[in-house]
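Notes follow the structure.
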Amino acid sequence: MAYSDKVLDHYENPRNVGTFDKDDPNVGTGMVGAPACGDVMRLQIKVNDQGVIEDARFKTYGCGSAIASSSLLTEWVKGKTLDEARQIKNQEIADELALPPVKVHCSVLAEDAIKAAIHDYAAKRKPE
Amino acid sequence: MNFAMLDFSKNYFELFELPLGFTVDAKRLAERYRTLQAVTHPDRYVVAADHEKRVSLQASTQVNEAYRTLKDPLARARYLLSLHTGDPGTDSETSKDGAFLMEQMELRETLAEAQSSPNPHAAVARVLTHLAEQSAALDKELAGLFADPTPANLTSAREIVRKLQFLDKCRRDAEDLEGLIDGRY
């Protein structure tokens with residue numbers, strides 16, 4: 001199967017690979033996995049006091065499409081509010097990367113990862 | 001016996017005359033495989049009619065598929081799930097079990113670092129040992145759950161199968177890496 005140029009670009013030059021301290025109160029961590037292919041994805045966001053995502057990191061063990069989907073997503077969420085980031089749909093990622101139908105589930109995984117990261121951040125911030 | 005006596009509406013366990021369950025007697029499985037293979041092998045039908053050749057080929061393919069499924073614990077568990085629930089549990093639904101996935105992430109990181117470690121072979125071997133132990137523990141749980149296939153137990157079994165798929169992927173990656181280190185590729 002041929003990867004699109006955009007997938008190859010993100011695969012060869014992944015943006016924002018790395019980790020934040022998951023115990024930092026300003027950091028939200030989303031851990032998701034796709035049992036069907038065994039891919040594992042970690043997406044982290046650093047949120048400022050205004051509720052804006054200042055920075056993002058990811059690490060993905062999986063195919064090129066999964067790596068590209070999460071790499072692209074870390075670029076997209078920077079500067080967005082949590083509400084805006086929550087609105088990102090997997091189809092937008094799939095369209096941007098020209099993912100073939102068999103790889104659309106990789107973009108679903110990325111969408112689930114950002115939702116999980118926002119959820120984790122919100123849970124940390126919830127008043128005791 | 002010849003292949004015409006085989007009833008392929010039977011499930012794989014019936015075909016291999018094994019009790020329905022996760023625990024399989026490897027010796028009996030292998031013996032029965034040899035017997036079934038002997039009667040279905042296409043070589044036996046070289047001089048047979050075209051129709052017979054075709055049916056023997058189909059039978060032989062089915063026997064091989066059944067053997068592969070019953071021999072491999074993960075494939076066997078998925079087959080049991082599909083027999084009991086109609087669904088092998090290989091859906092595309094995302095896993096969100098944070099602690100388990102974190103551990104999977106760490107194992108993959110260890111594997112990625114193994115290549116540049118002073119003793120890459122030992123590092124990969126440690127990962128493989130860890131994976132084998134984890135899989136063995138989950139297999140044991142599966143045996144208990146499939147022995148009493150209530151809806152609740154089958155739901156738990158499905159969760160374990162999902163975990164085993166991550167372990168299986170990591171094992172394949174580790175074996176590939178081992179091959180790379182050994183210079184087999």
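Below, chain A is the first sequence line, B the second, and so on; all start at residue 1.
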Quiz prompt | Within 6.0 angstrom of A:Lys80 NZ, more than 12 heavy atoms from elsewhere | solution = yes
Quiz item: How far does CG of A:Leu109 sit from OG of B:Ser95, to the nearest 0.5 angstrom?
Solution: 9.0 Å
Quiz item: Can you tell me if NZ on B:Lys140 sees more than 12 non-hydrogen neighbours from other groups inside 6.0 Å?
Solution: no
Self-check item: A:Val32 reachable from B:Leu167 in the ILVMFWY side-chain graph, under 4.5 Å edges
Solution: no
Practice problem: Examine whether an atom of A:Lys59 lies under 4.5 Å from a heavy atom of chain B, and if so say whether it belongs to the side chain, the backbone or both; otherwise answer neither. | Solution: both
Self-check item: Spacing of CE belonging to A:Met31 relative to CE belonging to B:Met102, to within rounding of 0.5 Å
Solution: 5.5 Å
Practice problem: Working to the nearest 0.5 Å, report the span between OG1 of A:Thr19 and CE of B:Met105. | Solution: 10.0 Å
Exercise. Identify which of B:Lys169, B:Arg108, B:Arg172, B:Lys163 forms the greatest number of heavy-atom pairs closer than 4.5 Å to chain A.
Key: B:Arg108
Exercise. Examine distances only and state if a side-chain atom of B:Gln165 and a backbone atom of A:Gly38 form a donor-acceptor pair shorter than 3.5 Å.
Key: no
Practice problem: Mind listing the closest non-hydrogen atom pair of A:Tyr61 and B:Ala112 along with its distance? | Solution: OH-CB, 3.9 Å
Quiz item: Just wondering, more than 12 heavy atoms not from A:His119 lying within 6.0 Å of its NE2?
Solution: no
Quiz item: From B:Glu109 CD over to A:Arg42 CZ, what is the distance, rounded to the nearest 0.5 angstrom?
Solution: 5.0 Å
Exercise. Flag yes if A:Leu97 and A:Ile88 sit in one hydrophobic cluster, no otherwise; membership is Ile, Leu, Val, Met, Phe, Trp, Tyr, and two members link when side-chain heavy atoms are under 4.5 Å apart.
Key: yes
Quiz item: In terms of heavy-atom contacts, does OH of A:Tyr11 have more than 12 from other residues, nucleotides or ligands at under 6.0 Å?
Solution: no
Practice problem: Would you give the length of the straight line joining atom CG of B:Leu101 to atom OG1 of A:Thr29, rounded to the nearest 0.5 angstrom? | Solution: 12.5 Å
Quiz item: Nearest heavy-atom pair of B:Glu93 and A:Pro35: which atoms, and what distance?
Solution: O-CD, 3.2 Å
Quiz prompt | Closest approach of A:Val40 to B:Phe166 (non-hydrogen atoms, all atoms of both residues) | solution = CG2-CD2, 4.0 Å
Quiz item: Would you say A:Asp5 has more than 12 foreign heavy atoms packed within less than 6.0 Å of its CG?
Solution: no
Exercise. Can you measure from CD (B:Gln104) to CE (A:Met41) and round to the nearest 0.5 angstrom?
Key: 15.0 Å
Practice problem: Report whether A:Ile53 and A:Ile93 are members of the same hydrophobic cluster (ILVMFWY, side-chain heavy atoms less than 4.5 Å apart, transitive linking). | Solution: yes
